[in-house]
Amino acid sequence: MARIDFHASSIEVARNLIGASVFIDGVGGRIVETEAYDESDPASHSFSGVTPRNAVMFGAPGRAYVYRSYGLHWCLNFVCMPAGHGAGVLIRALEPTRGIDLMRERRGLDDLRLLCSGPGRLGQALGVTHALNALRLDRKPFRLVPRAEDDLGRVASGTRIGLSKAKDLPWRFALAGSPFLSKPLRAG
DNA sequence: TGTATGATCGCCT
DNA sequence: GGCGATCATACAG
C-alpha cells in the first residue's frame, strides 16, 4: 500500500489504518485501534442526517472530522467513502513514537501506555482541537504513513466501545496483543 | 477488579 | 430534560 485510500468503506479504511502512523505537527505514532462508523449505523453521528457538528462527515473523504465528546474531550476521525455518505473512522489509540516528551507534558503523566490509549487521551496528547476539523489529511499539520505489509496478519476485529446502539457490530479493529489499546479486544 | 460519579456541551425528544 | 463514539478519581470488596 503506497498510500492510504479514503475512497473506500469505513470498515476497509479502519482495517487498513491499523499499523499505519499519524502525526500532527510531528507528534504521534502508530495506530493500534480504530472504529468504523457510517450513515446506516445507529451508533454513528451521521445516522440522523447532517448537523453543524457532523457536516464534515458528509463532505470530501480524506479529511479530519473532529468532535467534542461528553463536552470535554476532542476526538479525531478520518472521513471516508465517496463524498456524501457520512462515513468515518474514529482513531482510538496510538503507540507513541514521536514527540513523546510533548505528549507527556500535554497529558500530565509519564506512563507511555496511558498517553494515547483512548480517543480522548489521544486527542489531548496530539493537541487535537476543533481548529483541525475539515482539514485535509495529506497536508500540514497532518502526516500519514501507511503500515508495512508484514503487519497485516496482526489485525484483529471486535465490538466497539462505549455504545448503547449497534453494540454487536464487529467494527472495532486493533493490532492484536498491543499494550497500547484502550481496552482488550472482545471477540465480535 | 469492579462499579459509581462529576465534568460539560451539542443534539434530540 | 436527557443522553452520549470519555476519562479520572473515589470508593467497595
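The figures here come from the full heavy-atom set of this structure, side chains too, leaving out hydrogens, waters and symmetry mates. Below, chain A is the first sequence line, B the second, and so on; all start at residue 1.
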Kindly say whether [Y] contributes a backbone atom to a donor-acceptor pair with the side chain of [X] at under 3.5 angstrom?
X	Y	answer
R172(A)	S157(A)	no
R147(A)	I18(A)	yes
N77(A)	Y65(A)	yes
S10(A)	Y37(A)	yes

Side-chain N or O of [X] closer than 4.0 Å to phosphate OP1/OP2 of [N]:
X	N	result
R121(A)	dA8(C)	yes
R107(A)	dC7(C)	no
S164(A)	dG4(C)	yes

From [atom1] of [X] over to [atom2] of [N], roughly how many Å is that when rounded to an integer?
X	N	atom1	atom2	value
L169(A)	dA5(C)	CG	P	14 Å
N77(A)	dT6(C)	CG	P	11 Å
L115(A)	dA8(C)	CG	P	11 Å
R172(A)	dT6(C)	CZ	C1'	14 Å
F47(A)	dG4(C)	CZ	P	14 Å

Can the ring centres of H85(A) and F58(A) be said to be less than 6.0 Å apart? no
Per the 3.5 Å Watson-Crick/G-U criterion and a run length of at least three, the stems involving DNA chain C are B:1-7 with C:6-12, B:9-12 with C:1-4
Classify the side-chain pair S182(A)/R92(A) by whether it contains a donor and acceptor separated by less than 3.5 Å. yes
Given protein heavy atoms under 4.0 Å, the one-letter contact record of nucleotides 6-13 of chain B, with B base, S sugar-phosphate only and - none, is simply -BBBSSS-
